[in-house]
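Values below: all heavy atoms of this structure, side chains included; hydrogens, waters and symmetry mates excluded. For clarity, every value in this text was computed on a predicted model and none was experimentally measured. Chain identifiers are assigned alphabetically (A, B, ...) following the order of the sequence lines, protein sequences preceding nucleic acid strands; residue numbering begins at 1 within each chain.
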Number of protein chains: 2
Amino acid sequence: MADPMYRQIAEDLRRQIEAGELPPGAQLRTELELREKYNASRNTIRDAIKWLITRGLVETRPGQGTFVIETIVPYVTSLTGNPTTASGGEGTSYKPEVEARFRKASDTLPQVGIEEAAEPMATEMALAEGTSVVSRHQQRYIDGTPWSLQTSFYPMDLVQKGAVRLIQAGDITEGTVAYLRESAGIKQAGYRDTITVRAPDMNETAFFRLPDDGRISVVEQRRTAYSDDGRPVRLTVSVYPADRNQFSVVVGQVPDNARVPDSPPSPAAAPESGGG
Amino acid sequence: MADPMYRQIAEDLRRQIEAGELPPGAQLRTELELREKYNASRNTIRDAIKWLITRGLVETRPGQGTFVIETIVPYVTSLTGNPTTASGGEGTSYKPEVEARFRKASDTLPQVGIEEAAEPMATEMALAEGTSVVSRHQQRYIDGTPWSLQTSFYPMDLVQKGAVRLIQAGDITEGTVAYLRESAGIKQAGYRDTITVRAPDMNETAFFRLPDDGRISVVEQRRTAYSDDGRPVRLTVSVYPADRNQFSVVVGQVPDNARVPDSPPSPAAAPESGGG
DNA sequence: GGGTATTTGTCCGTATGTATT
DNA sequence: AAATACATACGGACAAATACC
């Protein structure tokens, strides 16, 4: 009984949700009803609900009520693949990869721009600050839901070497990895991803339609691709909301039938650990 | 002026923080002082501060005040490595890998247990539900701070095949990958990681000393390792708090001097994107 | 160790605004 | 237009944690 009242109320509701008594999508009783049930003030009820909101268990809709969050079927992006072709969320392979999993993919045409390299991009691409780079930006959807944002940067001298379609807004249907090889003789030898989880910025919150209290984080993947002479040829920054994305990494020999699960491991099923 | 007052107050404080007028560690004015400055009630000031808290910008300490969050230097875990030895956060390579980056690593002795396989573990390890598995659990620290939790599961029949040290509490200093090869003739051929971002459970919140409002998520990595005959030999579940960890994936040929950055890309420096 | 001032945490009540049905 | 339900904002009171003397 050491816990404050709003926590006890929140834990009681949480228990009901996790026990399935309040299934996803179910409506909770109104604040006034809960106020009577728990014999607390409306503000205390609201404190309890806020606690549930920050844990992603419920959401409130003005004029409607409070509802148990409905889970999203995550999409699994593979981070490993053949580095000399396209893969791991790169270019042309996006749509077929998604649709192989019976989901509808769509994306916007690349928005092309020319920028000056600034930190930390300049260091990651081994360019002097202020060097011109081409940026190509795309928004991606799965089943009509905004799913990821991707911006690729290329050193401007690739255009001079023949890769002129980089600065045109159209799709490069064969994939930029193949296009750079054919047009400029750049052979991609490998890439390195750096993956960070952080809070979404305002643009991301708006595009992904995330709750604007920042409780859902995004995964930022920064992929630096290198040519066979060891020079960076591309930086691709992809941003994925954490509530609808998973990732997989495959190293070595793995049997084909070992499928990636289609739903996230539930916290309750994870090994109970810690607290030492 | 469409924004509610608490938001305007919060945005003003946020601006000061992001402009550096309130550097990390700095103390904000007290709720009563802010109340006078913004001509609002204390509860409205508190709503503004709560908004900043959920965005990870400030923290409150009862009896002391409100402070700008101090950033943590993240540790970068590599998810790719040589699958036939130890790597990618596996076993014996943990300490040397961490200390190569001039940081102090420590971990607890493995806590060994025997459990019955339940879902989703049974499916991931291709075992019938109820089959016995050995679990080995460790807690890991960097620079004295709790950094990750790791539990590995092995089918019990590996013990019968000779890997008896799996069920002993001591460290397997040569690494379990090497030990399984020597003792039971199991050659690890590869692995698959599935990576999910989710809210921490209560054990994790306590062990990692996370704020108990759940605003910092954890990264859950489930690694299924396969032997050369294509059978799962191990499931390792690692949990990392998102505020102090980054990950890297390397595929193909990448130059050595391309170092992973030691600090996270700041949201401000990320390419501005999104927004329909 | 004790006492006091300071600061945030919890809880109450009330009034009014806004979104939805 | 009316009813319902959540959102914002005010005010007050006391508790709990911390720092300082």
K.L.:
Select one nucleotide: of C:dC12, C:dT10, D:dC10, the one nearest the side-chain heavy atoms of B:M5.
P.N.:
D:dC10

K.L.:
So, is A:T30 near the phosphate of D:dT4, with a side-chain N or O under 4.0 Å from OP1 or OP2?
P.N.:
no

K.L.:
Specify the separation, in whole Å, of atom CZ of A:R46 and atom P of D:dT8.
P.N.:
7 Å

K.L.:
If only side-chain N and O atoms of B:T44 are considered, is one of them under 4.0 Å from the OP1 or OP2 phosphate oxygen of D:dT8?
P.N.:
no

K.L.:
Does the Lys NZ or Arg CZ of A:R61 fall within the cation-pi geometry relative to A:F67 - under 6.0 Å from the ring centre and within 45° of the axis?
P.N.:
yes

K.L.:
Using a distance-only test with no angle check, is there a side-chain donor-acceptor pair under 3.5 angstrom linking A:Q221 and A:Y240?
P.N.:
yes

K.L.:
Does A:T60 make a side-chain N or O approach to OP1 or OP2 of D:dA5 shorter than 4.0 Å?
P.N.:
no

K.L.:
From CD of B:E59 over to C1' of C:dG9, roughly how many Å is that when rounded to an integer?
P.N.:
16 Å

K.L.:
Over how many whole Å does the gap from A:R7 atom CZ to C:dT10 atom C1' extend?
P.N.:
13 Å

K.L.:
Take atom CH2 of A:W51 and atom P of C:dG9, then tell me their distance rounded to the nearest Å.
P.N.:
17 Å

K.L.:
Relative to B:W147, does B:R103 satisfy both conditions: NZ or CZ under 6.0 angstrom from the six-membered ring centre, and within 45 degrees of the ring's axis?
P.N.:
yes

K.L.:
Taking side chain to side chain donor-acceptor pair (under 3.5 Å) as the test, write out the residues that go with A:R14, two or more places apart.
P.N.:
A:E18

K.L.:
Whole angstroms only, please: what is the OH-P distance between A:Y38 and C:dC12?
P.N.:
14 Å

K.L.:
Are any of the side-chain heavy atoms of A:Q150 and A:T236 separated by less than 4.5 Å?
P.N.:
yes

K.L.:
At a cut-off of 3.5 Å, list every protein nitrogen or oxygen paired with a nitrogen or oxygen from nucleotides 14-16 of chain C, distance to 0.1 Å.
P.N.:
none

K.L.:
I'd like to check the salt bridge (charged side-chain N to carboxylate O under 4.0 Å, His left out) partners of B:K37; sequence neighbours left out, ordered by chain and number.
P.N.:
none

K.L.:
I'd like to know if B:E11 pairs up with B:R15 as an ion pair, taking the criterion as any Lys NZ or Arg NE/NH1/NH2 lying under 4.0 Å from an Asp or Glu carboxylate oxygen.
P.N.:
no

K.L.:
Kindly say if A:T66 contacts the phosphate of D:dC6, meaning a side-chain N or O under 4.0 Å from OP1 or OP2.
P.N.:
yes

K.L.:
Find the distance A:E33:CD to D:dC6:C1' and express it as a whole number of Å.
P.N.:
13 Å

K.L.:
List the protein contact pattern of nucleotides 16-21 of chain D with one symbol per nucleotide (5' to 3'): B for base contact, S for sugar-phosphate-only contact, - for none; contact means a heavy-atom distance under 4.0 Å.
P.N.:
-BSS--

K.L.:
Under the side chain to side chain donor-acceptor pair (under 3.5 Å) rule, collect the residues that match up with A:S41, sequence neighbours excluded.
P.N.:
A:T44

K.L.:
Tell which nucleotide pairs with D:dA1, taking only Watson-Crick or G-U wobble pairs whose two distances are both under 3.5 angstrom.
P.N.:
none

K.L.:
Please give, in whole Å, the distance from C:dT7 C1' to B:Q27 CD?
P.N.:
9 Å

K.L.:
Can you measure B:L32 atom CG to C:dT8 atom P for me and round it to whole angstrom units?
P.N.:
8 Å

K.L.:
Taking salt bridge (charged side-chain N to carboxylate O under 4.0 Å, His left out) as the test, write out the residues that go with A:R29, two or more places apart.
P.N.:
none

